[in-house]
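Throughout, numbering of the chain's residues begins at 1 and tracks the sequence.
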Amino acid sequence: MLELLPRDSLIAALKGAIPDAEWVIRHLEKSNGWLQFPPVLVDTIKNLKIEQYPLIYEDERLLTYFSLRAWLTDQEIRELAIQAETASLEQRGEFLKEICDAVEPVLESIPKTPEQIKAAQELFASLSENEQREAIKRGQAFYSVFFASFGQTFSMMMHGEKLTTLIAKAKAGDDDAFCKAIRIDGRILTVVPYFREKYERAKQLGESAFLDKVSVWTRAAPYRGRIRHKSLWVVFALLDQAGMLANLSHREILDICDEVGVGGAENRIEDVGYLSKRLREYRKLQKSGVASTP
């Protein structure tokens with residue numbers, strides 16, 4: 001673990017990501033298993049005109065770029081890239097911590113109630129035209145990453161692979177990867193050129209085998225049931241997405257969960273055996289591709 005990321009930076013990143021991921025998962029559990037964002041987030045996609053965010057899945061480097069673009073200019077990003085080539089582990093960790101510190105208040109400010117939505121609208125209306133343009137630009141970058149990152153994490157939970165990986169495999173001719181990708185984020189089918197063109201061509205040529213495969217994969221919702229410890233599964237998925245889950249002992253994972261606050265004070269996970277059982281369920285889910293947990 002220490003070879004990849006300093007522990008304090010990892011903890012900070014997880015603490016910042018878990019609350020909003022849990023919020024979306026709670027909404028998911030109310031939408032019969034389909035990845036449907038809360039109405040306020042659906043409106044955000046439309047209002048910021050970021051319907052094309054699935055294009056980020058075509059190149060994982062775009063996630064990093066747009067993450068930085070919410071805070072830095074293109075010139076600053078280029079300078080940072082040069083510095084990153086020679087940065088030490090501690091310097092990379094410190095930079096990640098700075099990003100987490102900057103992102104945390106933005107995540108906390110996402111309006112989730114009618115009152116918060118109204119307050120956000122009033123605040124935006126009070127800004128000058130230049131301030132509004134800057135807010136929109138930053139919002140487009142931030143929310144594009146927000147939606148794409150959640151798609152990446154949800155794909156790790158369901159399939160054990162990131163959407164960026166699935167899309168690359170689909171472009172190489174893997175039809176199962178094609179179906180898995182659109183099952184996680186249906187916008188991919190209409191936004192990503194390869195997916196849109198392949199699907200339209202299949203309909204025009206009457207490629208029934210491919211069309212039937214798409215239908216079978218997308219007919220059932222990717223998620224069923226309820227996850228008791230949502231934050232635990234988010235930790236699994238985020239560590240997995242970073243390529244770290246398999247390199248940590250179950251005790252190390254439990255220690256991280258304890259620091260992050262999985263389960264809260266009342267439902268804190270104290271037993272390695274319990275965590276190991278949940279981890280087996282997580283891996284079993286990835287093999288089946290459909291969540292059905294108690």
Side-chain angles (χ1 to χ4, degrees), residues 1-26 28-29 60 63-64 67 84 87-108 145-146 149-162 165 223 225-287 291-294:
M1 178 179 63
L2 294 178
E3 295 180 357
L4 298 174
L5 198 66
R7 185 185 184 90
D8 59 344
S9 299
L10 172 64
I11 298 301
L14 289 173
K15 284 182 177 179
I18 283 176
D20 286 283
E22 284 192 322
W23 173 51
V24 176
I25 291 175
R26 282 195 297 272
L28 174 67
E29 291 179 335
E60 192 165 352
L63 270 173
T64 302
S67 296
S88 66
L89 177 66
E90 290 73 18
Q91 288 172 327
R92 292 196 299 271
E94 183 60 31
F95 176 71
L96 176 61
K97 187 175 184 300
E98 290 176 2
I99 290 293
C100 291
D101 290 343
V103 169
E104 185 176 359
V106 179
L107 290 173
E108 292 178 350
V145 171
F146 178 90
S149 295
F150 189 85
Q152 290 276 78
T153 301
F154 190 55
S155 184
M156 288 299 305
M157 291 174 65
M158 298 298 107
H159 300 307
E161 294 183 284
K162 295 177 285 189
T165 301
Y223 172 86
R226 301 184 68 82
I227 297 175
R228 179 183 176 188
H229 290 293
K230 299 177 184 64
S231 52
L232 176 60
W233 281 58
V234 173
V235 169
F236 287 163
L238 291 174
L239 289 176
D240 210 359
Q241 184 176 330
M244 300 175 67
L245 186 62
N247 298 326
L248 299 170
S249 70
H250 292 189
R251 166 54 64 181
E252 287 176 314
I253 297 173
L254 182 59
D255 288 343
I256 289 174
C257 289
D258 194 38
E259 289 191 53
V260 170
V262 169
E266 297 181 356
N267 296 303
R268 176 173 171 265
I269 299 173
E270 300 182 0
D271 182 68
V272 173
Y274 180 86
L275 181 138
S276 297
K277 183 178 180 180
R278 301 287 81 79
L279 185 56
R280 287 194 295 271
E281 289 177 351
Y282 172 79
R283 291 305 190 193
K284 182 179 179 180
L285 156 64
Q286 294 177 333
K287 292 180 180 179
S292 183
T293 59

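Heavy atoms only, all atoms of each residue included: Leu239 and Leu248 are closest at CD1-CD1, 4.0 Å. Here the closest heavy-atom approach between residue His250 and residue Leu275 is recorded as O-CD2, 3.9 Å. Across every non-hydrogen atom of Ser155 and Glu161, the tightest pair is OG-O, 2.6 Å.
Annotation: cation-pi pair Arg278/Tyr282 absent, no NZ/CZ under 6.0 Å from the ring centroid and within 45° of its normal.
Between Arg283 and Asp240, at least one side-chain nitrogen of the basic residue sits less than 4.0 Å from a carboxylate oxygen of the acidic one, meeting the salt-bridge criterion.
Taking CD1 from Ile256 and CG from Leu245, the interatomic distance works out to 9.5 Å, rounded to the nearest 0.5 Å.
Remark: the backbone N or O of Ser149 is paired with a side-chain donor or acceptor of Thr153 at under 3.5 angstrom.
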